[in-house]
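Small disclaimer: the values here were computed from a predicted structure and weren't measured.
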Amino acid sequence: MQRSELGVWLRLTLTPGLGNEAARKLLAAFGLPQAVFSQDREALGQVVTPTLASAMQQVPGKLPALLRSEERRVGK
């Protein structure tokens with residue numbers, strides 16, 4: 001898995017308030033996480049709550065450290 005692909009999957013799991021059901025709805029509506037995060041707030045808000053759509057516009061602060069940790073774990 002490439003770094004960018006891993007990053008968007010991690011971002012999806014780290015988004016505050018985004019549970020399994022909402023993640024499934026987003027993936028069903030838009031496809032892979034890259035496509036989910038390329039949507040604007042309005043499009044996301046058609047699938048999840050407006051509050052969650054806003055949260056998805058922010059990159060979780062712990063994402064860079066977690067991504068580096070995961071890369072070290074798999075030896076990249």
Side-chain angles (χ1 to χ4, degrees):
M1 182 179 295
Q2 292 185 339
R3 185 177 205 275
S4 61
E5 186 178 357
L6 177 59
V8 293
W9 278 105
L10 287 172
R11 182 176 171 188
L12 188 68
T13 63
L14 292 172
T15 299
L18 182 69
N20 291 336
E21 183 178 340
R24 278 192 295 275
K25 287 179 181 180
L26 289 163
L27 294 169
F30 302 115
L32 294 173
Q34 295 92 326
V36 171
F37 287 109
S38 70
Q39 304 302 312
D40 63 21
R41 190 173 306 159
E42 184 177 322
L44 293 170
Q46 297 296 313
V47 179
V48 296
T49 66
T51 301
L52 189 51
S54 292
M56 294 184 68
Q57 300 292 303
Q58 306 300 317
V59 177
K62 59 185 172 181
L63 178 61
L66 187 57
L67 185 54
R68 284 190 302 274
S69 174
E70 187 61 20
E71 287 174 330
R72 282 192 302 270
R73 188 185 70 76
V74 297
K76 288 197 174 194

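Separating the CG atom in L67 from the CZ atom in R72 is a distance of 10.0 Å, to the nearest 0.5 Å. Put simply, CG on L63 and CD on E70 are 11.5 Å apart, with the number rounded to the nearest 0.5 Å.
Minimum interatomic distance between D40 and A43 (heavy atoms only, all atoms of both residues): OD1-N, 2.8 Å. Shortest non-hydrogen contact noted between P16 and L52 is O-CD1, 3.6 Å. In terms of heavy-atom proximity, A53 sits nearest to G45 at CB-N, 3.7 Å. The two residues L10 and T13 make their nearest non-hydrogen contact at O-OG1, 2.8 Å.
Taking S54 as the reference, R41 meet the side-chain contact (heavy atoms from CB on, under 4.5 Å) condition, with sequence neighbours excluded. In this structure L27 satisfies the side-chain contact (heavy atoms from CB on, under 4.5 Å) test together with W9, L12, P33, V36, sequence neighbours excluded. For A29, the side-chain contact (heavy atoms from CB on, under 4.5 Å) criterion is met by V47, not counting sequence neighbours.
Identified under the salt bridge (charged side-chain N to carboxylate O under 4.0 Å, His left out) test for residues 19-34, with sequence neighbours left out: E21-K25. Annotation: salt bridge (charged side-chain N to carboxylate O under 4.0 Å, His left out) contacts involving residues 44-62, sequence neighbours excluded, are absent.
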- request: Could you walk me through whether R68 and E71 pass the salt bridge (charged side-chain N to carboxylate O under 4.0 Å, His left out) test, one step at a time?
  value: CA-CA 5 Å; R68 284 190 302 274; E71 287 174 330; over 6 Å; no
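A heavy-atom distance below 4.5 Å is not found between the side chains of L32 and V8. By the 4.5 Å heavy-atom criterion applied to side chains, T15 and F37 are counted as neighbours. Side-chain contact between Q39 and L26: absent, with no pair of heavy atoms (C-beta onward) separated by less than 4.5 Å.
When the shell of 6.0 Å around CG of N20 is examined, it contains 12 or fewer heavy atoms from other residues, nucleotides or ligands.
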